[in-house]
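Below: the structure, in structure tokens.
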Amino acid sequence: MEAAGGGEGPGCGCKGIRSCLLCEGPAQAAPPPQGENNFTYCPATGLAVGNEHSEFAGWAFPFPGVFLTEEFISEDEESEIVELMDQDDWKPSQSGRKKQDYGPKVNFKKQRLKAGSFIGLPSFSKKIVTQMKDYSVLNGFLPVEQCNLDYMPERGSAIDPHFDDWWLWGERLVSLNLLSKTVLSMSCDSEESIPLLPSFSKEKKSSPSGYLAQTSACKNSDKQRISCTSSPRLVPSKEVTVAIQLPRRSLVVLYGDARYKWKHAIYRKHIEHRRICVTFRELSAEFSVGGRHEELGKELLGIALSFQGRPV
């Protein structure tokens, strides 16, 4: 069912239930959901920590499958990359975004794939991809597709909670956040419950005996810790949302549970200035060595890694 106010407006790429400020009109009849995150991810510990003014203040749980590094590129590199992007056209996309695609032609519903007009990733991405090799989480990462997405507050740019396809795209989703900070909001539709454990800040408390049992679930840092000896508080997954703060020029990788169990979204309220997201995707096992479509995967990777491309 199409939401009231949805549909294409001037310079708008919205379809179906998607909408933006360009097509909603003055009444803004169909604003997207603006969920409140009640936990915040801590990169230093790998914990999702209950926000101070939420009902989960003082509680935390391990949130696996996220890698975040700040200042992945310099300000000068950022300026050069954006300048090169803006030399090409940006096509209207859904939910108030604009996009540039570098990748094969895909019909996800029919699971059909061909190179089409794809001639490679852009030349400026070669240095970015090379730099990824410095991080063990990206060992063997070979991007076959790049999508540049332009977010602007005056268009009401956003993206609803979703999973990226996993028929074609592999485990690791890699995104470079340019021009302004934002928040990646994680949510889960699972019927399972999450065990929360009491958290405390080392800056406020000394470490009591018995805390932090030596287990992979109990990570620690100088800033935030959880008690692994107290009884957990069980909370339905659907009641939990986790904010991943993305600073300007940071690189984030989603894999494992964060890729397959948790949906990710960007809400309007978290777009304060122009923001560009550069997302790289690798091939799934089906298109990799030993997979059913290994040869097609090799062909597409050969094209992608020529770094001679223009937006398709």
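Heads up: numbering here begins at 1 and tracks the sequence.
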(request) Please determine if Arg97 and Asp160 form a salt bridge, counting it only when a charged side-chain N lies under 4.0 Å from a carboxylate O. (result) no

(message) Restricting to non-hydrogen atoms, name the atom on Ala60 and the atom on Val49 that form the minimum distance, rounded to 0.1 Å.
(response) CB-CA, 4.1 Å

(request) Classify the side-chain pair Asn38/Glu36 by whether it contains a donor and acceptor separated by less than 3.5 Å. (result) no

(request) Answer with yes or no whether the hydrophobic clustering places Val312 together with Leu168; edges join I, L, V, M, F, W, Y residues whose side-chain heavy atoms lie under 4.5 Å apart. (result) yes

(message) Counting only heavy atoms from other residues, nucleotides and ligands, does the tally under 6.0 Å from CG of Asn139 exceed 12?
(response) no

(request) Group every Ile, Leu, Val, Met, Phe, Trp and Tyr by side-chain heavy-atom contacts under 4.5 Å, then state whether Leu68 and Leu179 land in the same group. (result) no

(request) Give the cluster check for Ile303 versus Val144: same hydrophobic cluster or not, with ILVMFWY residues linked at side-chain heavy-atom distances below 4.5 Å. (result) yes

(message) Looking at Asp89, I want to see if its CG is surrounded by more than 12 non-hydrogen atoms of other residues, nucleotides or ligands under 6.0 Å.
(response) no

(message) Any carboxylate oxygen within less than 4.0 angstrom of a Lys/Arg side-chain nitrogen, looking at Arg249 and Glu71?
(response) yes

(request) Would you give the length of the straight line joining atom OG of Ser187 to atom NE2 of His162, rounded to the nearest 0.5 angstrom? (result) 10.5 Å

(request) Write down the atom of Pro247, the atom of Asn177, and the distance for their closest heavy-atom approach. (result) O-ND2, 3.2 Å

(message) A side-chain contact here means heavy atoms from C-beta on lying under 4.5 Å apart; do Leu142 and Glu282 qualify?
(response) no

(message) Looking at Leu121, is its backbone amide N or carbonyl O close enough to the side chain of Ser125 to form a donor-acceptor pair, meaning the two atoms are under 3.5 Å apart?
(response) no

(request) Search all heavy atoms of Ala57 against all heavy atoms of Asn51 and return the closest pair with its distance. (result) CB-O, 3.4 Å

(request) Determine which pairs satisfy side chain to side chain donor-acceptor pair (under 3.5 Å) with at least one residue from residues 298-312, sequence neighbours left out, and list them in order. (result) Asp88-Arg310, Glu294-Lys298

(request) Return the minimal non-hydrogen interatomic distance between Met85 and Val278, and the atom names on each side. (result) CE-CG2, 3.4 Å

(request) Starting at OG of Ser93, measure out to OH of Tyr151 and round the result to the nearest 0.5 Å. (result) 8.5 Å

(message) Once rounded to the nearest 0.5 Å, what's the spacing between atom CG of Leu296 and atom CG of Leu113?
(response) 5.0 Å

(request) State the CZ-CG distance between Arg248 and Leu176, to the nearest 0.5 angstrom. (result) 11.5 Å

(request) List the steps, then state whether ring pair (Phe, Tyr, Trp, His ring centres under 6.0 Å) holds for Trp169 with Phe280. (result) CA-CA 10 Å; Trp169 309 133; Phe280 298 91; over 10 Å; no

(message) Any carboxylate oxygen within less than 4.0 angstrom of a Lys/Arg side-chain nitrogen, looking at Lys263 and Asp189?
(response) yes

(request) State whether Arg268 and Glu24 are salt-bridged, where the test is any N-O pair (Lys NZ or Arg NE/NH1/NH2 against Asp/Glu carboxylate O) under 4.0 Å. (result) yes

(message) Ignoring hydrogens, what is the shortest heavy-atom contact between Pro153 and Ile271? Give both atom names and the distance.
(response) CB-O, 3.4 Å

(message) Is a donor from one side chain sitting under 3.5 angstrom from an acceptor on the other, for Gln245 and Thr40?
(response) no

(message) Less than 4.0 angstrom from a charged side-chain N to a carboxylate O is my criterion; do Lys99 and Asp150 meet it?
(response) no

(request) Please report the shortest heavy-atom distance between Cys12 and Pro92, naming the atom on each side. (result) C-CB, 4.0 Å

(message) If hydrophobic clusters are built by linking Ile, Leu, Val, Met, Phe, Trp and Tyr wherever their side-chain heavy atoms come under 4.5 Å apart, do Leu84 and Ile276 end up in the same one?
(response) yes

(request) First locate atom CD1 of Ile244, then atom CG of Leu254, and finally report the distance between them rounded to the nearest 0.5 Å. (result) 6.0 Å

(request) Verify, without hydrogens or angle tests, whether Ser54 (side chain) and Gly50 (backbone) share a donor-acceptor contact under 3.5 angstrom. (result) no

(request) Would you mind checking if Arg233 and Glu55 are paired as a salt bridge, meaning a charged N to carboxylate O distance below 4.0 Å? (result) yes

(request) Decide yes or no on ring pair (Phe, Tyr, Trp, His ring centres under 6.0 Å) for Phe163 and Tyr260, but give the supporting numbers first. (result) CA-CA 7 Å; Phe163 293 112; Tyr260 296 114; 8.3 Å; no

(message) Name the residue from Asp101, Asp165, Asp164 that meets the salt bridge (charged side-chain N to carboxylate O under 4.0 Å, His left out) definition with Arg281.
(response) Asp164

(request) Test Phe67 against every option in Phe141, Tyr135, Phe72 by the ring pair (Phe, Tyr, Trp, His ring centres under 6.0 Å) rule and name the one that passes. (result) Tyr135

(request) Among Phe61, Phe63, Trp262, find the one that has a ring pair (Phe, Tyr, Trp, His ring centres under 6.0 Å) with Phe39. (result) Phe61

(message) Run the side chain to side chain donor-acceptor pair (under 3.5 Å) test against Thr279 and tell me which residues pass, sequence neighbours left out.
(response) Ser175

(message) Within a 6.0 Å radius of atom CD on Gln111, are there more than 12 heavy atoms belonging to other residues, nucleotides or ligands?
(response) yes

(message) Under 4.5 Å between side-chain heavy atoms, counting indirect links through other Ile/Leu/Val/Met/Phe/Trp/Tyr residues: same cluster for Met186 and Trp59 or not?
(response) yes

